[in-house]
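We name chains A, B, ... by the order of the sequence lines, and we start the count at 1 in each one. Computation of the quantities below employed the complete heavy-atom set of this structure, encompassing side-chain atoms and omitting hydrogens, waters and symmetry-equivalent molecules.
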Amino acid sequence: GENVEQHPSTLSVQEGDSAVIKCTYSDSASNYFPWYKQELGKRPQLIIDIRSNVGEKKDQRIAVTLNKTAKHFSLHITETQPEDSAVYFCAASSATDKLIFGTGTRLQVFP
Amino acid sequence: ETGVTQTPRHLVMGMTNKKSLKCEQHLGHNAMYWYKQSAKKPLELMFVYNFKEQTENNSVPSRFSPECPNSSHLFLHLHTLQPEDSALYLCASSQAGSSNNEQFFGPGTRLTVL
């Protein structure tokens, strides 16, 4: 079945630095790639997504890049702030609308 | 209340008990999902319902029994659970077949099986 791998599992950065989280997927039919943020004790919430017809998408301090040939996509957070501390999940989906999630990255931003 | 709601928020049960988790979405979506979130395997998809029909059963043991009476409500009936079933159970909904695949999650039910 479809598989999504996510790295690293934990990431610690200093406030103001950038953070990068990488994911690879196995199903070449995947065409939708969302990123969810889950703060401690809260539900996962969508922060940004990208479709297979786009190579890059940016929303203020966060950006996502997609390389369809290599079947990997990445989340970039610039000028990190303590409130960015959370667990981030990537996911991939094909036309079935089913999301396959990565294993998550725990990001800690130290002031 | 708006969005996706789940009850109860916390549940402790013995291995011989029967209980049910409830999820309700107020977003007009046509697809609903059950996920299991544990430390070992975050966000495992369990079941998918599209237009009240189950379209996915991700090799889930029969001690978990889903029910979707309409597109706004989803239940997960639990019986004869094992301690390893202790986890956070998250419900989500989306508008399947649309250009927006975003899934909206509920707050989850924290389940502890003694």
Original post:
Is B:M46 reachable from B:L21 through a run of hydrophobic residues whose side-chain heavy atoms are each under 4.5 Å from the next?
Top reply: yes
Original post:
Between B:L45 and A:K98, which heavy-atom pair has the shortest distance, and what is it?
Top reply: CD2-CG, 3.1 Å
Subject >> Closest non-hydrogen atom pair, B:G106 against A:R43 >> reply: O-CB, 3.2 Å
**OP:** Step through the shown structure and confirm whether more than 12 heavy atoms of other residues, nucleotides or ligands are within 6.0 Å of CD on A:Q81.
**Re:** yes
Subject >> Nearest-0.5 Å distance that lies between atom CD in B:E44 and atom OG1 in A:T103 >> reply: 11.5 Å
**OP:** Determine whether more than 12 heavy atoms belonging to other residues, nucleotides or ligands lie under 6.0 Å from atom CG of A:L40.
**Re:** no
Original post:
How many angstroms lie between atom OG of A:S93 and atom CD of B:E102, to the nearest 0.5 angstrom?
Top reply: 12.5 Å
Subject >> Portion of A:Q38 that has a non-hydrogen atom of chain B nearer than 4.5 angstrom >> reply: side chain
Subject >> Verify same cluster id: A:V87, B:L88 (apolar side-chain graph, 4.5 Å) >> reply: yes
Original post:
Counting N and O atoms only, with roles assigned by atom type, does the side chain of B:Y33 sit under 3.5 Å from a partner on the main chain of A:L99, one being a donor and the other an acceptor?
Top reply: no
**OP:** Answer yes or no: are there more than 12 heavy-atom neighbours, outside A:Q14 itself, under 6.0 Å from its atom CD?
**Re:** yes
Subject >> Which portion of A:P34 sits near chain B, non-hydrogen atoms under 4.5 angstrom >> reply: neither
Subject >> Co-membership, hydrophobic cluster, residues A:L11 and A:L75, 4.5 Å side-chain >> reply: yes
Original post:
Going by heavy atoms in the side chains, are A:F101 and B:Q37 under 4.5 Å from each other?
Top reply: no
